[in-house]
Amino acid sequence: MTRPPAVTLRGVYFDGHSSRDRAATLSLGESAQLTLDGESHAFAVAALGVDPPVPGVRRVIRLPGGARFETTDFAPLLAWERASGRNRALRGVAWLEAHWVSALTAVGLAFALLGGFIVWGIPALATQAARVTPRGVLASFDEQTLHFLEEQDFIGPSGLPRERQAQLQREFRQVQGWAGGGYPYRLLLRDGEPAGAAGVGANAFALPNGTIVMTDQLVALARSDRELLGVLAHETGHVTRRHGLATVYQGLGLGLVTTLLTGDLVSASTFAAAVPAAILRGGYSRAAESEADRVSADFMRGRYGTTKPLQDILTRLEAGADARDSEPTWLDIFRSHPVTADRVAALKALDAR
Amino acid sequence: MSESTLPDPHPLGRHEVARSGTSQPLPGALTSTPGVPQVTRHDLRFTGSAGEYFRLWIVNVALTLVTLGLYLPWARVRTRQYFYGHTWLDGQNFEYRANPSALLRGYLLVGALFALYSFAMQREYYWLGLPLLLLYVALYPWLVWRSLRFQAANTVHRGLNFSFHGTAGESYVAYGAANVAASIAGIFALPWAWFMQRQYQVKGLGYGQARGHFRGDVAPFYLIGLTSLGLSLAGGLVALLLGGVVAGAWSALSGELRAGTDVEDLLDGPTVLIFLGVAYVSFLLLYTVAWQYVRGATMKYVLNNAELGGVVRSGATFSPWGLVWLGVTNSLAQVVTLGLATPWAAIRRTRYVLDGVHVRTIADLDHFRGQAQQPGSALGEAATELLDIQVGF
Ligand SMILES: [Zn+2]
């Protein structure tokens, strides 16, 4: 390292025992020379404490014994620090803080990191958290959700004949045995329009602990039971992959991030946190749907050698949803998924393999 | 090297450093009779700028994100150093000198305990979660006390540090008993709690060997509380009416489209939702306004009634309503700019407050004698910062 150049700084001296300010100069060379009222005092340079720079703020050099020297001669002090290798990290930070280029880069970086965290980080963390959540936690979800749905007239008692219900339950047992995972599966057949169009309509959805609800309207829409089994296998995919719980955790994560971002703006954060939660209510992510589709395809291809029945009912649901133009609900929107064409294409690709 | 190599200050030394132009003797004081000390007024000056602080802020945010939060104590300390360092009184600036590594240890401990608590509550391990919660409640006044000590001892002006001499016991009265009373008796005890807490803060404050004194009374705090209560009630009424009007307009419009005139039809889902939405947003706004008013008004009152060492009195001329306006417009700007206006908002608020603060002194500000106080552990400060406890002014 080069020997630091000798610099002389003009500034103010405080002795640390009184609030009295006195003009002084400090020379930094082989040793430090403080000149005060015409008298000179020498220190070892190593005994000085040089506080890191903060933009526009008077610099502080701490002298032995609690005294201090403060100066606005920024440039010479910085040159001396650079040569003597002091405050390397925080000098770097101060350099970044002093330039607009680095500030704008920081804006881009901050938004990219936050965006990346929201788009990939939170879902990945939520999936992990959902995977390790003990089963006991899951049980309460199903009952609460069902209770809510029945209370709000989203679903009602099924109008299907008893024999038809028994037949569907028998068929479901095949899917259930195939899906595994040790969940207490049960199939609930329900009317999707107990109070007119406000219900869930032709639909099927899975709750975290293995409760699968299928509506009379979906049963009516199917041209064969194979189609329904494809749908039920898809729903067991949501259960075993814990997509429902992951969605809940994602909502929590987003709420946390917005709270952190808005900081002490307590009022705004509660409001802002509601927005992403509402966006999330659109349903599972596309990735989750694709995963459940692949689970169902495994089942269909193993049993029937093709995923055609699943493709058919997906297409028919889409057509029906377009005709009704109904609002999406926060449940697994099997019928009005925006990318049905993509999903059917992916299933066809699986068949072609 | 021993300190004996440094000269002792002359007791009657002249000021070698030019005074800032803001200090001038008061007109009334010029004609004062001999023997009555001359009163000098010094205005606080704030020299921070929005552009400069924006760069500091965003660079520190980015560094905090990149380091997964480990840089946070440095970011916090630099932010404070910026604001303190740009605050000038009688030609000398303030300084914040907390040790970021000490803060980091506190942050990690508090963060770990909080994570443990969240984990326990999420898994319904109440045997673990509830004791942690109880521990926090029991330690709360102690943490506030530690935080006040830490903040004061790390604030420096003219080479002397501030200090805090309030005791932990007093904190259990001002922050423990008073908060419990306020949570039971609500608005009847809340202003008393504010009074107790401000008094505790000001009385305990020290600068060098000088001690703070609070001349304030509890009554004005009740006045502030009543004003904000009245504001909330009147505003709440307006919010309800506004929600009704908007929902009514929506209902009428959509009702016309559907050609439905039944009352039951008018009270459909969307109408109720719109009513609730408008009312909710209005209440949030109202809450912000009322809270900003309480903060601004108490700060002004406290500043107008604080003394230091019997020779310095602070005073405030800013308007609490101006602060309310600033708070509302700042929040709007922050939301619209996705948070990028946060530094501008902070500078704007600080400038507004500090431009309206002065001290009157009957002695020169360079006559204070020092008394050191160690900041102590950073645990209290870390807890109050991370858990969002509002201490300080
Ligand atoms: Zn699905």
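To find a chain, count down the sequence lines: A is the first, B the second, and so on, and within it residues start at 1. Worth saying up front: this structure is predicted, and the values here are computed from it rather than measured.
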Interchain contact, Phe54(B) with chain A, by part (heavy-atom threshold 4.5 Å) = side chain
Could you walk me through whether Val12(A) and Arg158(B) pass the side chain to side chain contact (heavy atoms under 4.5 Å, CB included) test, one step at a time?
-> CA-CA 9 Å; Val12(A) 192; Arg158(B) 293 177 158 271; over 6 Å; no
For chain A, which of Leu63(B), Thr47(B), Leu340(B) has the most heavy-atom pairs under 4.5 Å?
-> Leu340(B)
Answer yes or no: is there a side-chain heavy-atom contact under 4.5 Å between Trp74(B) and Leu90(A)?
-> yes
Select one option (side chain, backbone, both, neither) describing which atoms of Tyr71(B) are under 4.5 Å from chain A's heavy atoms.
-> side chain
Please determine, by modelled atom types, if Gln81(B) and Asp51(A) share a side-chain donor-acceptor pair under 3.5 angstrom.
-> no
Does the side chain of Glu52(B) reach to within under 4.5 Å of the side chain of Glu97(A), using non-hydrogen atoms?
-> no
Mind listing the closest non-hydrogen atom pair of Val57(A) and Gly85(B) along with its distance?
-> CG1-CA, 3.6 Å
Would you mind reporting whether Val54(A) and Leu56(B) have side-chain heavy atoms less than 4.5 Å apart?
-> yes
Highest number of heavy-atom pairs under 4.5 Å with chain A: which of Gly159(B), Ala62(B), Gly48(B)?
-> Gly159(B)
Beyond-backbone contact of Arg58(A) with Glu95(B), side-chain heavy atoms, under 4.5 angstrom = no
Can you tell which part of Val66(B) gets under 4.5 Å to a heavy atom of chain A, answering side chain, backbone, both or neither?
-> both
Okay, Arg68(A) and chain B: the region with an atom under 4.5 Å from a heavy atom over there is side chain
Exceeds 12 heavy-atom contacts within 6.0 angstrom, atom CH2 of Trp100(A) | yes
Closest heavy-atom pair, Gly56(A) versus His86(B), reported as atoms and distance to 0.1 Å, is O-CE1, 3.3 Å
Flag side-chain contact, heavy atom, 4.5 Å: Leu338(B) against Phe111(A) | yes
For Ala98(A), is it the side chain, the backbone, both or neither that has a heavy atom under 4.5 Å from a heavy atom of chain B?
-> backbone
Would you call Tyr207(B) and Ser19(A) a side-chain contact if the rule is heavy atoms closer than 4.5 Å?
-> yes
Pairs of heavy atoms under 4.5 Å with chain A: top-ranked of Trp88(B), Tyr84(B), Tyr53(B) | Trp88(B)
Give, as side chain, backbone, both or neither, the part of Leu96(A) having an atom under 4.5 angstrom from any heavy atom of chain B.
-> both
With a 4.5 Å limit on heavy-atom distance, are the side chains of Leu65(B) and Leu109(A) in contact?
-> no
Ranked by heavy-atom pairs below 4.5 Å to chain B, first place among Gly66(A), Ala106(A), Pro52(A) goes to Ala106(A)
